[in-house]
Amino acid sequence: MAKRKVRRRARKILGADPTALVWCELARPIPAPPEQVHRAAGSKRLTPGRHWLLYAGAVLFFFVVIPMMLIDKLGDRLERRPAGRPAPHPRHEPGPASTSTPGSESADAATSPRPPAPGRDRRGRRRPGDPAHGLFDGDWERTAGRLLLHWYGHSPNPQRLVMLTSDGICVAASPRRRLSPTTAGDFHAVARFSPAEARIEAEAGQPRGFATFALHFPDGSWLELGRLAGPDDADHFLRTVST
């Protein structure tokens, strides 16, 4: 369940208790828009910003923890080696004759290629049929595309709080970089939609951790959101929007 301070803040923003709320993120990274479109929208950032402690932790792990683990492992191997005896060299034992000719295995692999991954061609490249990567409808000029162009301009945090009321949908975010923005009480509304301006479509009973929902707009555009935080809030939210 959402923290009490989150619910108090939501009540203050909406003027009433929300019917349902859930913390979520974009289901996929934002694809690169056309340069002209991006520039016209103010060249806002298209990737989330991370808290400096995450970068400090990564540096500490790679330059302190990993070297210490390697040194410790090397010391154990040196201690187990008997004193005065060099490490034994592996002896080459002739194996049984192979019936395959040199290069036959590589030839077989070349003649039986693996099937391409979903959404990619035989060379592993993304197929051009879905330039939006399944995140939105693909039109940067419509509502969902314009919303994406300003998504991280409102807040560098990837998490958004979607709140439902009888008056429509409200999307909120914490303005600062936080390690845990889902517990912050300083978020503010970054987008509001009346029932005539947007609706949410989702399926109830989706597996936890993989559930998604989509914002649909009257111009035919749509935007997919996922990575729902809080199992109880997510279940209640999906049941509310699917009825």
Side-chain angles (χ1 to χ4, degrees), residues 13 21-52 54-55 116-165 167-178 181-182 184 186-203 210-229 237 241:
I13 292 175
L21 56 78
V22 68
W23 285 101
C24 59
E25 301 181 25
L26 294 176
R28 296 167 185 80
I30 300 177
E35 185 177 352
Q36 184 178 359
V37 172
H38 191 205
R39 190 184 307 112
S43 299
K44 304 293 184 181
R45 67 182 304 153
L46 301 174
T47 56
R50 304 297 181 182
H51 197 278
W52 66 270
L54 295 177
Y55 296 105
R120 295 180 180 270
D121 60 17
R122 291 187 177 275
R123 295 184 179 181
R125 299 174 301 187
R126 285 192 178 274
R127 292 172 180 167
D130 185 16
H133 301 175
L135 174 62
F136 74 119
D137 59 282
D139 191 339
W140 295 100
E141 300 296 334
R142 292 196 281 186
T143 305
R146 295 197 302 269
L147 187 63
L148 280 177
L149 289 170
H150 297 275
W151 191 263
Y152 293 117
H154 295 300
S155 170
N157 289 304
Q159 287 86 357
R160 295 292 183 270
L161 182 64
V162 177
M163 300 174 284
L164 305 180
T165 67
D167 296 330
I169 304 167
C170 179
V171 182
S174 176
R176 294 179 291 176
R177 299 186 185 187
R178 289 181 172 274
T182 58
D186 63 344
F187 57 87
H188 61 273
V190 296
R192 293 177 184 266
F193 304 100
S194 67
E197 293 174 330
R199 74 180 191 279
I200 293 179
E201 291 186 2
E203 296 181 2
F210 300 94
T212 62
F213 64 90
L215 285 170
H216 287 261
F217 304 98
D219 59 4
S221 62
W222 55 269
L223 173 64
E224 187 177 32
L225 298 169
R227 301 178 184 177
L228 311 187
F237 184 91
V241 300

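Within the model, atoms NE2 of H38 and CD1 of I30 stand 9.0 Å from one another, a figure rounded to the nearest 0.5 Å. Going from atom CD of E25 over to atom CG of L225 covers 10.0 Å, rounded to the nearest 0.5 Å. Note: T165 OG1 to R192 CZ = 8.5 Å, rounded to the nearest 0.5 Å. Here W151 contributes atom CH2 and L135 contributes atom CG; the two are 9.0 Å apart, rounded to the nearest 0.5 Å. Interatomic distance, OG of S155 versus CZ of R160, reported as 4.5 Å (0.5 Å rounding). With rounding to the nearest 0.5 angstrom, the OG atom of S174 is 3.5 Å from the CG atom of D186.
Among all heavy-atom pairs drawn from L148 and L46, the shortest one is O-CD2, 4.5 Å. Minimum heavy-atom separation, A41 to H150: O-CE1, 3.3 Å. The nearest pair of heavy atoms linking C24 to V162 is SG-CG2, 3.6 Å. The two residues P175 and H188 have their closest heavy-atom pair at CB-CE1, 3.6 Å. When all heavy atoms of R45 and P156 are compared, the pair lying nearest together is NH1-CB, 4.3 Å.
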Might you work through the side-chain contact (heavy atoms from CB on, under 4.5 Å) test for I169 and E197, ending with a clear yes or no?
CA-CA 9 Å; I169 304 167; E197 293 174 330; over 6 Å; no
Exercise. Please lay out, stage by stage, how N157 and F187 fare under the test side-chain contact (heavy atoms from CB on, under 4.5 Å).
Key: CA-CA 11 Å; N157 289 304; F187 57 87; over 6 Å; no
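Under the 4.5 Å side-chain criterion, counting only non-hydrogen atoms from C-beta, I200 is in contact with L164. Side-chain contact between F136 and P31 is present, with heavy atoms from C-beta onward closer than 4.5 Å. With a 4.5 Å cut-off on side-chain heavy atoms, P158 and L26 do not count as touching.
At most 12 heavy atoms of other shown residues, nucleotides or ligands fall within 6.0 angstrom of atom CD in E203.
Among residue pairs with one or both ends in residues 144-158, none qualify as salt bridge (charged side-chain N to carboxylate O under 4.0 Å, His left out); sequence neighbours excluded.
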I'd like a table of donor-acceptor pairs (distance under 3.5 Å, sequence neighbours excluded) in which one partner is a side-chain atom from residues 210-224, with atom names and distances.
residue: T212; atom: OG1; partner: E224; partner atom: OE2; Å: 3.2
residue: H216; atom: NE2; partner: E201; partner atom: OE1; Å: 3.3
residue: D219; atom: OD1; partner: S221; partner atom: N; Å: 3.1
residue: D219; atom: OD1; partner: S221; partner atom: OG; Å: 2.7
residue: D219; atom: OD2; partner: T143; partner atom: N; Å: 2.9
residue: D219; atom: OD2; partner: T143; partner atom: OG1; Å: 2.8
residue: S221; atom: OG; partner: A144; partner atom: N; Å: 3.2
residue: E224; atom: OE1; partner: R28; partner atom: NH1; Å: 2.5

